[in-house]
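Just so you know, residue 1 is the first one in the sequence shown, and it goes up from there.
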Amino acid sequence: QVRLVESGGGLVQPGGSLRLSCAASGLTFSSYAMSWYRQAPGKERELVAHITSTDGSTNYADSTKGRFTISRDNAKNTVYLHMNSLKSEDTAVYYCNAVKRGIFHDYDYWGQGTQVTVSS
């Protein structure tokens with residue numbers, strides 16, 4: 001069974017930092033592109049950051065570029081999201097996502113989410 005387990009969420013003050021982790025099991029981690037998404041109440045789920053399965057290239061949402069960093073450690077089957085200079089608008093449930101293209105379909109897995117609240 002495939003499992004993606006997020007951790008590291010919590011309450012942080014504006015301007016603070018937080019590091020999220022997503023530990024994967026039941027899959028060949030290095031074959032999957034990994035992403036972080038977030039969803040605030042009443043809002044659509046949005047892509048925050050992405051990292052490829054090959055050369056480790058990264059992409060970020062405009063709202064997080066320069067503040068957030070996605071990285072992966074294939075030896076630990078873990079992807080990270082380091083968040084700096086946090087703002088109240090970063091408050092959301094953050095989800096880990098793993099995707100691999102298949103012959104007839106794509107493999108697409110999601111974690112349970114972890115709450116990040118930015119408030120003083």
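Neither side chain, Thr69 nor His82, offers a donor N or O lying under 3.5 Å from an acceptor on the other. With hydrogens and angles left out, the side-chain atoms of Asp73 and Thr78 include no donor and acceptor closer than 3.5 Å.
The two residues Ser120 and Pro14 come nearest to each other via the heavy atoms N-CD, 3.7 Å. When all heavy atoms of Leu27 and Ala98 are compared, the pair lying nearest together is CD2-CB, 4.4 Å. Of all heavy-atom pairs between Ala24 and Leu4, the closest is CB-CD2, 3.5 Å. In terms of heavy-atom proximity, Arg3 sits nearest to Val5 at NH2-CG2, 3.8 Å.
Listed for the Thr91 side chain is a donor-acceptor partner under 3.5 Å among the backbone atoms of Val118. Judged by distance alone, with hydrogens and angles left aside, the side-chain atoms of Arg67 form a donor-acceptor pair with the main-chain N or O of Ser85 at under 3.5 Å. Side-chain N or O atoms of Glu6 include one that pairs as donor or acceptor with a backbone N or O of Cys96 at under 3.5 Å. A donor-acceptor contact shorter than 3.5 Å is absent between the side chain of Asp106 and the backbone of Asp108.
Rounding to the nearest 0.5 Å places OH of Tyr37 at 8.5 Å from NE2 of His50. Remark: Ser57 OG to Ile70 CD1 distance equals 12.0 Å, nearest 0.5 Å. Note that CG of Leu81 and SG of Cys22 are 10.5 Å apart. Values are rounded to the nearest 0.5 Å. The structure places OG of Ser53 at 10.5 Å from CE of Met34, a figure rounded to the nearest 0.5 Å. Atoms OG and CG, on Ser35 and Asn59 in that order, are 9.0 Å from each other to the nearest 0.5 Å. For the atom pair Asn74 CG and Ser30 OG, the distance stands at 5.5 Å (nearest 0.5 Å).
Aromatic ring centres of Trp36 and Phe68: separated by at least 6.0 Å.
In this structure, Arg45 satisfies the cation-pi test against Tyr95, with its NZ or CZ atom closer than 6.0 Å to the six-membered ring centre and inside 45 degrees of the ring normal. Tyr60 does not carry Lys65 over the face of its six-membered ring by the limits of under 6.0 Å from the centre and within 45° of the normal. Figure legend: Arg72 and Phe29 shown as a cation-pi pair, the cationic atom lying under 6.0 angstrom from the six-membered ring centre and within 45 degrees of its axis.
For the pair Arg38 and Glu46, the minimum side-chain heavy-atom distance is below 4.5 Å. Using a 4.5 Å cut-off on side-chain heavy atoms (C-beta onward), Val48 and Tyr94 make contact. At a threshold of 4.5 Å between non-hydrogen side-chain atoms, the residues Ile51 and Val79 count as touching. Counting only heavy atoms from C-beta outward, the side chains of Leu20 and Thr114 approach each other to under 4.5 Å.
At most 12 non-hydrogen atoms from other residues, nucleotides or ligands lie less than 6.0 angstrom from CD of Gln13. Summarising the local packing, NZ of Lys100 is surrounded by more than 12 heavy atoms from other residues, nucleotides or ligands at distances under 6.0 Å.
No path of Ile, Leu, Val, Met, Phe, Trp and Tyr side chains, each step under 4.5 Å between heavy atoms, connects Val116 with Val93, placing them in separate hydrophobic clusters.
By the 30° and 60° cut-offs, the orientation of the rings of Tyr109 relative to Tyr32 is tilted.
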